Amino acid sequence: MTPRDLPIYELESAVVAAVRGAGRLIVQAPTGSGKSTQIPQMLWRHGLLGEKGEVVVLQPRRLAARMLAKRVAEEAGTTLGEGVGYQIRLESRVSERTRIRFVTEGILLRQMSFDTALRGISAIVFDEFHERHLYGDISLARALQIQQTIRPDLKLIVMSATLDAGLLKSYLAPCEVLVSQGRSFPVRVEYLAKRTDFEAEPVWDVAARECERIAAATGGDFLVFMPGAYEIGRTVQAIQGARGLRDFVTFPLHGELPPEAQDRAVARHEARKIIVSTNVAETSLTIDGVTAVVDCGLARIARFDPHRGINTLLVEKISAASADQRAGRAGRTAPGICVRLWTEREHEQRAPQELPEVKRLDLAEVVLTLKASGIDDIARFPWLEKPDEVGLVRAESLLADLGALAGEKKSITELGRKMLRFPVHPRYARMLLAAQEHGCVRAVALMAALTQGRNFLLRGVPKEVERARGDALGEEHESDFFLLMRAWRYADKANYAVEACRRLGIHAQGARQAGPLFEQFLAIAAKEGLDVGERRADGVEIRKCVLAGFSDQLARRLDAGTLRCEIIHGRRGVLARESGIQQAKLLVAGEISEIGRGDGEVNTLLSLATAVEEPWLKELFPDDYRETRAVTYDDQQRRVVTRRERRFRDLVLEAKASSDEAPLDEAARLLTKEVLAGRLKLEAWDDTVEQWILRVNRLAEWFPELEVNPVTDADRATLIEQVCYGELGYRDIKDKPVMPVLKDWLTAEQFAVLDDYLPERLTMGNGRKSRLTYHKDGPPILSARIQELYGIEGKFAVGHGRVPVKFEVLAPNQRPIQVTDDLTNFWREQYPKIKTELSRRYPRHEWR
DNA sequence: GAGCACTGC
């Protein structure tokens, strides 16, 4: 077959006409149609690039950019790097004579921020646009702006396999849309006949049952999709216990498994096999011989929550597009079947696609890029899809904290421009610039390089690996970054030998990728006039640089006995247990993530920690570091009570609180504050009202025609306050969860829509339920501790085993309010001590 | 039982 036989050639004359006419074109064509290789050549051949101009073809992956360039160079009869070339990070094969240039997305965006006229570029082709990567969205928007203002001759072509062409068409209007057909193997899709509640029947049991049911229907191997390692383990157990599946061998497959185990799962076997896998099998790995897919319809999905400034990783329902992708895995070699563990009706209500990245990632880096192009009002930037307002505000305030933006309009500063020279997250760019003053540019460049890719220091390794790691790398109490650096040096010295790395639980391939990045950062630093000389860097100075980049993630350990921390901006979390920084009072987290565990509970984890000292705060941020005196008037005692505090931003570093007994409404006020800050939970509030607030707001967003009033943060705060002051019946909320509270927001008609559509969309996979078993009249020591922490008088009840603590507070009108706080680790570690103490004091009472 | 998977400068 010659290139001319490719289906895309049916469109040649239409493509040429459209590009010549409007200068904007959408091509919708499936993989294998030849669009990526042929359309750039058509432009060249038909003289649409002018005398010397080039066409830039945007690719989401490096490998694709390289391969496509190679193939097109052959077809066009030129040497790679001459007429046809490519440019990816750290690698470039182009010349002045290059007319077709394949580039990855970051390259073009960088070029745009340094050369706004895009000199020499006649056309830009956006390939695989349906993936909706952040840089793809931004560079299309910028290209459109450039075309509309200074470069009306610039041609823009957007290509994709599947596409919400309506959205894109109106965005690019006036614009032509051309469609080309493709071909594929059939996969029969089956749904469950009735809705299954995974709370009642675990998803792994349902999956095993369905495998058993279809075992005879097809002769090939099975692929079962599960959201994570925990569910995979349970599924493997369930399958091995199923009678009808005795002839199968079963393999788990996920990213944290050692490479040998992954190879074993993918390899050919005598017996039929069942692979139970995460999303690795949806995108990156291809597995031959699979004729049946069992899809649980769930995945752990990473997002950035701009409200709290943290990453989340929670189980969610996958989109219809993603389910189709999974089903397609059954039909690679022959027709196949796919069993979906949800009903057809539920399927109709699933989101058609995943959210584009612009709506779910941290925007700090692109906002800085836009500011550098002189776009101060980013809310009015012509986004294809506008990100959440909160996300933009969060990005701007982080950049302002880092010193990259300043002034009323939040314009880019000189420092911000310097930061943009470094192709990393602004936090690390800021650290690199700070490193110049602290004499440790080399070390910080290495830290930046080490955190770019996947974590190469594996977690949860066996005891003997942990020991070997300790022997080879030593212990680390100052910064988790330092251990990472030593691990990398070890791997580098061992020349990334797989065996040597495995001994210490180091992912050799991951470690290897950091080297070239380190070199790149050093080269840029040298070019920017920073001192990259080799010298023994001082640990204190490096840690100060970390503080400069992550000052908004400063955390204070709540006490020495637990890993619980209070973070700036009213957040709480738990230090990762693999962190070496277990002694420090103050630390900075390089990463904060909310992680859903297999059982549906959720934790906020602080990882990549660095110990910092209080005096550094004053040194680096004199304006934010202050001593305050809070004065309140105590009505009942008729006297003034003062508190002395030392603060960094809103984190109280040290407080001398009044020991006076607080009157009731003072308790209610404090309680409101703690609940609003997320440090305490109102029992039952979380699982009912919060969910419904979310639903009402989604209703407002998705069905604008219903004219629903969204519940604002202020409304929510008012409700919480009313509960804390005893004005709104706490028990009413618990017994009749929604309507008494939210009836003001919804009419009967609106509620009917909500009831029909939303619960299914919003119920998270295996749900989120608190299991509180508790014991009345808990140990007095713990009660005293809660009083000390919160200054709230109350009667406390304590749980055993997995221990959230419940306590009860009286509202001003004497209504009891129950509150919970998770003191799990504190309890576990302290319990033996407490028990001894209690047995001594109360010998006749039996303490379990 | 704390932790999906990718990609990019």
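Below, chain A is the first sequence line, B the second, and so on; all start at residue 1. Remember, predicted model here, so these are calculated numbers, not experimental data. Reckoned from all heavy atoms, side chains included, excluding hydrogens, waters and symmetry mates.
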Asks: Check whether any side-chain nitrogen or oxygen of R62(A) sits under 4.0 Å from OP1 or OP2 of dC9(B), and answer yes or no.
Replies: yes
Asks: Which comes earlier along DNA chain B counting from the 5' end, the contact point of R303(A) or that of E365(A), where each point is its nearest nucleotide?
Replies: R303(A)
Asks: Between CG of L446(A) and CG of L522(A), what distance do you get to the nearest 0.5 Å?
Replies: 8.5 Å
Asks: Compare every heavy atom of I581(A) with every heavy atom of L575(A), then report the nearest pair and how far apart it is.
Replies: CD2-O, 3.1 Å
Asks: Which of parallel (below 30°), tilted (30 to 60°) and perpendicular (above 60°) describes F550(A) and F481(A)?
Replies: tilted
Asks: Would you tell me if any nitrogen or oxygen in the side chain of T278(A) comes within less than 4.0 Å of OP1 or OP2 on dA5(B)?
Replies: yes
Asks: In whole Å, I'd like the distance from the CG atom of L608(A) to the C1' atom of dG3(B).
Replies: 13 Å
Asks: Could you check whether L606(A) gets within reach of a base, just the sugar-phosphate, or nothing at all, counting any heavy atom under 4.0 Å?
Replies: nothing
Asks: Nearest-nucleotide wise, let me know which of Q452(A) and H254(A) is further upstream toward the 5' end of DNA chain B.
Replies: H254(A)
Asks: So what does A576(A) touch, heavy atoms closer than 4.0 Å: a base, only the sugar-phosphate, or nothing?
Replies: base
Asks: May I ask you to say what Q520(A) touches in the nucleic acid, namely base, sugar-phosphate or nothing, with a heavy-atom cut-off under 4.0 Å?
Replies: nothing
Asks: Once you round to the nearest 0.5 Å, how far does CD of Q262(A) lie from CG of L253(A)?
Replies: 6.0 Å
Asks: Is the phosphate of dC6(B) approached by R454(A) (side-chain N or O, under 4.0 Å from OP1 or OP2)?
Replies: yes
Asks: Please work out if I301(A) contacts a base, only the sugar-phosphate, or nothing of the nucleic acid, heavy-atom cut-off 4.0 Å.
Replies: nothing
Asks: Assign R110(A) to base, sugar-phosphate, or nothing according to its heavy-atom contacts below 4.0 angstrom with the strands shown.
Replies: base
Asks: Using a cut-off of less than 4.0 Å, is there contact between a side-chain N or O of S593(A) and OP1 or OP2 of dA2(B)?
Replies: no
